[in-house]
A.B. asks: 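Structure in structure tokens, see below.
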Amino acid sequence: MSQALQQERHVAAQSAEPRVRLRSARLAYGERVLWDGLDLDVAPGEFLAVLGPNGSGKTSLMRVLLGLQPLSAGSAEIGGEPVQRGSRRIGYVPQQRAVDVTVAVRGRDLVGLGWDGHHWGLGLRGRRERRQRVDAALAAVGAAGYSDRPVGLLSGGEQQRLRVAQALVSDPDVLLCDEPLLSLDLAHQRMVSELIARHARGREAAVLFVTHEINPVLPLVDRVLYLVNGKFRVGRPEEVMTSATLTELYGTPVEVVRVGDRIVVAGAEAVNNGVHHHVEGQP
Ligand SMILES: Nc1ncnc2c1ncn2[C@@H]1O[C@H](COP(=O)(O)OP(=O)(O)OP(=O)(O)O)[C@@H](O)[C@H]1O
């Protein structure tokens, strides 16, 4: 995205009522503080990439917003209301887990669950609408051709596209995506990330997109939340993805280089509490 357009969207985003709001948010498990003092507004239509090494608390943040994990301090709101379990406003693409081969449910039924969870009283009209919505969501992720096959027999990437369709089918205001690009080939990475970004812009939804690799989504990202070992930084990619910022966050020299339109993070191994973590551009 051009810097001018990004700036313009950022300004517009600032003035709208946020879809997601965290204030002084702290999450600790026992002695271990994942993050503290986190203030974050995610505006309608905004695409926020959530980055950070293993164990930095990215999935835990999703769980907080889903109402599944209470904060240790501070507040979390969706659409101006305190977070709650089963919110109709949220679409969720969970981190991928392989589906057992014995699972006989069809792909279209899995996507239908994303609709049923939010709609009651299926009359004839309701059933027709459900079918249309499910068909549209399946087509959008390129899953129409295999939607009648048992989910357990599908490839990891095919299952992942169904999860994305399930999250989108009810037109959520907030999309929480936990590594939705895992198992997808490059063409489908692009298809899925553009679909999610289009949903954000078209439906004024806020997207929180957890990823280990920013490059596949870099053109779509408005801001980045980077979490490392209890510290964090929020800002536009060019503000956060710098040698100075990542060196400070990781507490060890990290070099960030722009190669064409890609960001390569290299130089030092990011070492956190003696544990080697994945850094962008490293295997
Ligand atoms: N309910 C819990 N009780 C105690 N510790 C937990 C709990 N849930 C998560 N943790 C720990 O908190 C840390 C953060 O976990 P989380 O899954 O949020 O990290 P993540 O950033 O999503 O990591 P990854 O990139 O590996 O998916 C991990 O060390 C995890 O073991």
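Reckoned from all heavy atoms, side chains included, excluding hydrogens, waters and symmetry mates. Order of listing sets the numbers, starting from 1, for every ligand and every atom in it.
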A.B. asks: Look at ligand 1 and say whether His212 reaches it with a heavy atom at a distance under 4.0 Å.
C.D. replies: yes
A.B. asks: Check each atom of ligand 1 against the heavy atoms of Asn54 and keep those under 4.0 Å away; list them by number with element.
C.D. replies: 23 (O), 24 (P), 25 (O), 26 (O)
A.B. asks: Any protein heavy atom under 4.0 Å from atom 31 (O) of ligand 1?
C.D. replies: no
A.B. asks: Linking I/L/V/M/F/W/Y whenever their side-chain heavy atoms sit closer than 4.5 Å, directly or via other members, would Leu38 and Val33 fall into one cluster?
C.D. replies: no
A.B. asks: Are Leu218 and Val192 linked, directly or through other ILVMFWY residues, by side chains that come within less than 4.5 angstrom of each other?
C.D. replies: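 Result: yes, single cluster for both.
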A.B. asks: Answer with yes or no after comparing the ring centroid distance for Phe47 and Phe209 against a 6.0 Å cut-off, counting only values under it.
C.D. replies: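 Ring centroids of Phe47 and Phe209 are less than 6.0 Å from each other.
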A.B. asks: Less than 4.0 Å between atom 6 (C) of ligand 1 and some protein heavy atom, yes or no?
C.D. replies: yes
A.B. asks: Suppose I only count heavy atoms of Ser60 and a 4.0 Å limit; which atoms of ligand 1 are within that range?
C.D. replies: 15 (O), 16 (P), 18 (O)
A.B. asks: Kindly identify the option in Gly55, Gly52, Gly30 whose heavy atom sits closest to atom 23 (O) of ligand 1.
C.D. replies: Gly55
A.B. asks: Nearest protein heavy atom to atom 9 (C) of ligand 1, by residue and atom, and its distance?
C.D. replies: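 The protein heavy atom lying closest is Tyr29 CE1, 3.4 Å.
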A.B. asks: If you define the side chain from C-beta out and look only at heavy atoms, does anything of Leu51 sit under 4.5 Å from Met241?
C.D. replies: yes
A.B. asks: If you draw a 6.0 Å radius around CG in Asp185, do more than 12 non-hydrogen atoms from other residues or ligands fall strictly inside?
C.D. replies: yes
A.B. asks: When you measure from atom 17 (O) of ligand 1 to every protein heavy atom, which one gives the shortest distance, and what is it?
C.D. replies: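 Here the nearest protein heavy atom works out to Thr59 CB, 3.5 Å.
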A.B. asks: Counting non-hydrogen protein atoms only, what is the nearest one to atom 28 (C) of ligand 1? Give residue, atom name and distance.
C.D. replies: Arg32 NH1, 3.6 Å
A.B. asks: Ligand 1 versus Leu34, non-hydrogen atoms closer than 4.0 Å: side chain, backbone, both, neither?
C.D. replies: side chain
A.B. asks: What is the nearest protein non-hydrogen atom to atom 27 (O) of ligand 1, stated with its residue, atom name and distance?
C.D. replies: Gln95 NE2, 3.1 Å
A.B. asks: Would you call Glu204 and Arg19 a salt bridge, using N to O less than 4.0 angstrom?
C.D. replies: no
A.B. asks: Just by distance, no angles: are the side chains of Gln166 and Arg163 close enough, under 3.5 Å, to form a donor-acceptor pair?
C.D. replies: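 Gln166 vs Arg163: no donor-acceptor pair found between side chains.
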A.B. asks: Compute the shortest N/O to N/O distance between Gly57 and ligand 1 and return yes if it is under 3.5 Å, no if not.
C.D. replies: yes
A.B. asks: Is a side-chain donor or acceptor of Gln159 paired with a backbone partner of Gly156 at a separation under 3.5 angstrom?
C.D. replies: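 It does not hold such a pair.
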A.B. asks: Is ligand 1 less than 4.0 angstrom away from at least one heavy atom of Arg63?
C.D. replies: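 Under 4.0 Å: no for Arg63.
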A.B. asks: Would you say CZ of Arg258 has more than 12 non-hydrogen atoms from neighbouring residues, nucleotides or ligands within 6.0 angstrom?
C.D. replies: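 Yes, CZ of Arg258 has more than 12 neighbouring heavy atoms, counting only those of other groups under 6.0 Å.
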A.B. asks: Which of the numbered atoms in ligand 1 are under 4.0 angstrom from any heavy atom belonging to Lys58?
C.D. replies: 18 (O), 19 (O), 20 (P), 21 (O), 22 (O), 23 (O), 24 (P), 25 (O)
